[in-house]
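For reference, the structure is listed below as structure tokens.
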Amino acid sequence: MSKSEIKLITLGETAVGKSSFIVKYIEDRFSPNYISTLGLDFRQKKIILENGQEIKLTLFDTAGQERYKSIAANLIKKVNGILLIYDITNNNSFNSISKWMESINEVSTTNISIILVGNKSDLDDRRRVTNEEGKKKAEEYGIPFYETSCKDGNNINEVILRITEEILNKKGNNNRKGEILSSHSKNKKSKFC
Ligand code: GDP
Ligand code: MG
């Protein structure tokens, strides 16, 4: 089977859980502390689909807010997919999703896959953004929507699986439901800070 490489990036405001998402997915670990992201950092994991296809997944992390005009813009051009993340307990992070979509559209090509992620679903008692609002926003853009928790793991794998499938379909691959049979990960620090 052919080898493929898929590159993803997490985008969204500060503290929505961009770094936590990557750590949870790669290492199945959660830290209650803020994970500082200096410049840019990435993690890799090899996944094997049901049909035997091997995929090298690279997840790029960014520092949120500020410098997306420079760092993220360059990176957006290089990735296959974007995990656009907000925090369900933080209205501002949700309201800025449209701003993020605008800046993505300024630099990306049309065949990039985007998925909307409402993170921190475990904090339902502090929820400020309803599931419906998230769903509606995603429908506006015609992209999939999931609520996730980096704490209890809710939908973390599902999000990666979904965007991986979308990307492979766009690449013209006919993968069946891509159940991940095995995986192995390694961590790397990038040089371009
Ligand atoms: P980033 O700035 O977007 O990279 O955010 P971080 O990954 O550093 O997370 C910011 C804070 O939110 C940290 O204190 C995390 O522990 C916390 N956090 C991230 N995801 C979740 C989640 O799903 N549930 C809860 N309860 N806290 C989370
Ligand atoms: Mg971070």
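Start at 1 and go down the list; that is how both ligands and their atoms are numbered. Count residues from 1 along the sequence. Not measured: the values here are computed from a predicted model.
Side-chain atoms of K7 do not come within 3.5 Å of backbone N or O of K78 as any donor-acceptor pair. In this structure a side-chain-to-backbone donor-acceptor pair under 3.5 Å is missing from N119 to I85. The main-chain N or O of S121 is never found under 3.5 Å from a side-chain atom of T148 such that the two would form a donor-acceptor pair. At least one donor-acceptor pair closer than 3.5 Å links the side chain of S93 to the backbone N or O of D87. Looking only at distances, a side-chain donor or acceptor of K45 sits under 3.5 Å from a matching main-chain atom of Y25.
Heavy atoms of N33 found under 4.0 angstrom from ligand 1 belong exclusively to the backbone.
Considering backbone and side-chain atoms alike, S121 places every N or O at 3.5 Å or more from each N or O of ligand 1. Between N119 and ligand 1, at least one N/O pair is under 3.5 Å apart. Checked by distance only, ligand 1 and T148 stay at 3.5 Å or farther apart across all their nitrogen or oxygen atoms. Inclusion of V16 in the set of residues having an N or O under 3.5 Å from an N or O of ligand 1 is warranted. Looking at L123 next to ligand 1, no N or O pair under 3.5 Å apart turns up.
The shortest heavy-atom distance from F21 to ligand 1 is not under 4.0 Å.
Atoms of ligand 1 lying under 4.0 Å from at least one heavy atom of K151, given by number and element, are 22 (C), 23 (O), 24 (N), 26 (N). Near S20, meaning under 4.0 Å from any of its heavy atoms, are these atoms of ligand 1: 6 (P), 7 (O), 9 (O), 15 (C), 19 (C), 20 (N). Taking every non-hydrogen atom of T14 and a distance limit under 4.0 Å, the qualifying atoms of ligand 1 come out as 2 (O). Per-residue contacts place D122 under 4.0 angstrom from the following atoms of ligand 1 (heavy atoms of the residue considered): 22 (C), 23 (O), 24 (N), 25 (C), 26 (N). Residue-ligand proximity, S31 to ligand 1, at heavy-atom distances under 4.0 Å covers atoms 15 (C), 16 (O).
None of the N, O or S atoms belonging to T14 lies under 2.8 Å away from the Mg ion (ligand 2).
Of the candidates R126, R127, K120, R127 is the only one forming a salt bridge (charged side-chain N to carboxylate O under 4.0 Å, His left out) with D124.
Side-chain polar atoms of D61 and S19 form a donor-acceptor pair below 3.5 angstrom.
Between F145 and Y86, the two ring planes are parallel [angle under 30°; tilted spans 30° to 60°].
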Please list, one pair per line, the donor and acceptor atoms closer than 3.5 Å that link side chains of residues 133-143 to other protein atoms, with sequence neighbours excluded.
{"from": "E133", "atom 1": "OE1", "to": "T130", "atom 2": "N", "distance (Å)": "2.8"}
{"from": "E133", "atom 1": "OE1", "to": "T130", "atom 2": "OG1", "distance (Å)": "3.2"}

